[in-house]
Student: 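Submitted below is the structure of interest, expressed as structure tokens.
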2 protein chains.
Amino acid sequence: METRHRLPAAERRESILAAASVVFGERGYAGATTDQIATAAGISQAYVVRTFGSKEALFVEVARRAVGRIAAAFRSAIEADDGRPVDRRLGEAYLDLIADRGILLSLLHLFSLGSDPAIGPVGREGFLTVYRLVRDEAGLSPEEASHFLAEGMLINTVLALHLHESEDPDALELVTQACGGDLSRFRALAAG
Amino acid sequence: METRHRLPAAERRESILAAASVVFGERGYAGATTDQIATAAGISQAYVVRTFGSKEALFVEVARRAVGRIAAAFRSAIEADDGRPVDRRLGEAYLDLIADRGILLSLLHLFSLGSDPAIGPVGREGFLTVYRLVRDEAGLSPEEASHFLAEGMLINTVLALHLHESEDPDALELVTQACGGDLSRFRALAAG
DNA sequence: GTCTATAAGGGGATAGAC
DNA sequence: GTCTATCCCCTTATAGAC
């Protein structure tokens, strides 16, 4: 942290993308401001906009990165055949992604913007990319793939709702079910 | 439509809530403007705000109504025992709700706002209300209830992404899986 | 590469007339 | 019950200095 002043462009881009992922994940596309992202990245608002051209372009880049991270995680899980069924391995890979809150939450928001002329197509493409991956590369049937995505959407929702921070016993029961009994990834999250 | 001028307060509230449900469903809380809602309801922006006090209060009311509609639909489905298993009946009741696009989509957005101090609690309460209903009143096990909600979240996502309007064959396959093979409710939607 | 200053527009909320 | 007018803050984006 706090290197400040004069990073190479590529590194600066990465640090802005990381900050934007968190802020977009928490507030959504419309709810987030470029100033909040700038503050999180430790730079000025104007520089955020200048670096990516527009807030929209930044969001699209964040979203594309997030899809790429999921795809990479799933491909690793598919290759790393440890004897367990592939959907188990995929599920665990997905739970591992919870550690970087921004990824899953930014995607949740992306998928809610299908009506937007610019962002909608990115969301559809991203969602179908993941569907095809688990169907074609992991070899799940359409039905299995659909169930798998459904469980993923539930995890996203539980995460977005902060249900894992609730003290309600029903919330705990639900979160436990959603993650297949392995609460460790949720527990590891800093409450925020 | 177009009765205009001097509705009784109660009716006016309803017409604003109906318009707001559609607009919030399409654009989300932050993305929607009170002016868009006003236009959809055929009245002035100032009147929308005045009637509900604030945009936030209006959204909360829309969200609470949506949860209420789901709960009512599920209770009907539970009572109307036609011999089919209860989760079948619940699934069909949920698909019927697609006809009123605003309900499911407003809730999708509600559930994405868990970080918001005012809206977050409403979302958690609403989600748990539905969970308890399908578990306690329909008698599903925690695992069954969780799977049921997961399928619901996938339907919401597919709807928000407008995947049912896509010409991609994979999109069609996925939508078909998501709705258990009964595409009729998606087909009945006006493309928007 | 990064900042400060600021333009330009949008949006929620209020006041007051009808 | 409903509108018009308007205030003022917030936000994105641009210009130009360093």
Side-chain angles (χ1 to χ4, degrees), chain A residues 1-24 26-63 109 113 115-119, chain B residues 1-63 106 109 113 115-119:
Chain A
M1 290 284 141
E2 297 316 308
T3 318
R4 299 307 300 279
H5 260 347
R6 297 209 160 258
L7 284 194
E11 280 181 44
R12 186 55 87 188
R13 277 183 71 92
E14 294 304 321
S15 80
I16 296 173
L17 284 166
S21 175
V22 173
V23 176
F24 281 135
E26 249 168 41
R27 316 237 188 187
Y29 172 62
T33 70
T34 53
D35 192 56
Q36 290 162 349
I37 294 166
T39 301
I43 58 175
S44 72
Q45 181 268 333
Y47 192 26
V48 169
V49 173
R50 163 161 292 218
T51 304
F52 290 88
S54 68
K55 179 187 176 183
E56 186 178 270
L58 172 57
F59 182 73
V60 167
E61 180 72 13
V62 166
H109 289 291
L113 297 177
S115 297
D116 186 283
I119 298 175
Chain B
M1 289 282 140
E2 297 316 307
T3 317
R4 300 306 300 281
H5 259 348
R6 298 211 160 257
L7 283 194
E11 280 180 44
R12 186 56 85 190
R13 277 182 72 90
E14 294 304 320
S15 81
I16 296 173
L17 284 166
S21 175
V22 173
V23 176
F24 280 134
E26 247 167 46
R27 316 238 187 187
Y29 171 62
T33 70
T34 54
D35 192 56
Q36 290 161 349
I37 293 167
T39 300
I43 57 175
S44 72
Q45 181 267 334
Y47 192 26
V48 169
V49 173
R50 163 162 292 216
T51 303
F52 289 89
S54 70
K55 179 188 177 183
E56 187 178 88
L58 172 57
F59 182 73
V60 168
E61 181 71 14
V62 165
S106 288
H109 289 291
L113 296 177
S115 297
D116 185 284
I119 298 175

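Everything numeric here is computed off the predicted structure, so don't read it as measured data.
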Student: Rounding to a whole Å, what distance do you find between B:Gln45:CD and C:dG10:C1'?
Tutor: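 Answer to the nearest Å: 11 Å.
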Student: In whole angstroms, how far is the P atom of D:dC3 from the CG atom of B:Leu7?
Tutor: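 My rounded result for the distance is 10 Å.
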Student: Determine which pairs satisfy ring-ring contact (aromatic ring centres under 6.0 Å, His included) with at least one residue from residues 31-55 of chain B, sequence neighbours left out, and list them in order.
Tutor: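 Counting only pairs at least two positions apart or across chains, no ring-ring contact (aromatic ring centres under 6.0 Å, His included) contact touches residues 31-55 of chain B.
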Student: Could you give the CG-to-C1' distance, from B:Leu58 to C:dG11, as a whole number of Å?
Tutor: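 The distance from CG of B:Leu58 to C1' of C:dG11 comes to 15 Å, rounded to the nearest Å.
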Student: So what does B:Ala32 hit on the nucleic acid, given a heavy-atom distance under 4.0 Å: a base, only sugar-phosphate, or nothing?
Tutor: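 Sugar-phosphate contact only - B:Ala32 comes under 4.0 Å of backbone atoms but never of a base.
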Student: Taking CD from A:Glu11 and P from C:dG1, how many angstroms apart are they, rounded to a whole number?
Tutor: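 Going from A:Glu11 (CD) to C:dG1 (P), I get 11 Å.
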Student: Going by the rule side chain to side chain contact (heavy atoms under 4.5 Å, CB included), which residues pair with A:Thr39 if we only count those two or more places apart in sequence or in a different chain?
Tutor: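 With neighbours one apart ignored, the set is A:Asp35.
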Student: Base, sugar-phosphate or nothing for A:Thr33? Non-hydrogen atoms, less than 4.0 Å.
Tutor: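 Sugar-phosphate: the residue A:Thr33, judged by heavy atoms under 4.0 Å, touches backbone atoms but no base.
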Student: Just how far, in rounded Å, is C1' of C:dT4 from CD1 of A:Ile43?
Tutor: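 Result: 14 Å.
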Student: Look at the rings of B:Phe24 and B:Phe59 and say which category their plane angle falls in: under 30° parallel, 30 to 60° tilted, over 60° perpendicular.
Tutor: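 Perpendicular.
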Student: Could you state the atom-to-atom distance from CG of B:Asp35 to P of D:dC3 in whole Å?
Tutor: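 Between P of D:dC3 and CG of B:Asp35: 12 Å.
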Student: For C:dG11 and B:Thr34 - does any side-chain N or O of the residue sit under 4.0 Å from the phosphate oxygens OP1/OP2?
Tutor: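 B:Thr34 to C:dG11 OP1/OP2: no side-chain N or O under 4.0 Å.
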Student: Give me the atom names and distance for the closest heavy-atom approach of B:Asp116 to B:Glu56.
Tutor: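 Looking at all heavy atoms of both residues, the shortest contact is OD1-OE2, 4.5 Å.
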Student: Calculate the interatomic distance between A:Phe59 atom CZ and D:dA13 atom P; express it in whole Å.
Tutor: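 So the CZ-P distance, A:Phe59 to D:dA13, works out to 14 Å.
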Student: Going by number, which of residues 46-54 of chain A have a non-hydrogen atom under 4.0 Å from DNA chain D?
Tutor: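 Contacting residues: A:Ala46, A:Val49, A:Arg50, A:Ser54.
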Student: Quick one: does A:Lys55's side chain have a donor or acceptor within less than 3.5 Å of a partner on A:Val48's backbone?
Tutor: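 Answer holds: no.
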Student: Return the value, rounded to whole Å, for the distance between atom NZ of B:Lys55 and atom P of D:dC10.
Tutor: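 Distance check: B:Lys55 NZ to D:dC10 P gives 15 Å.
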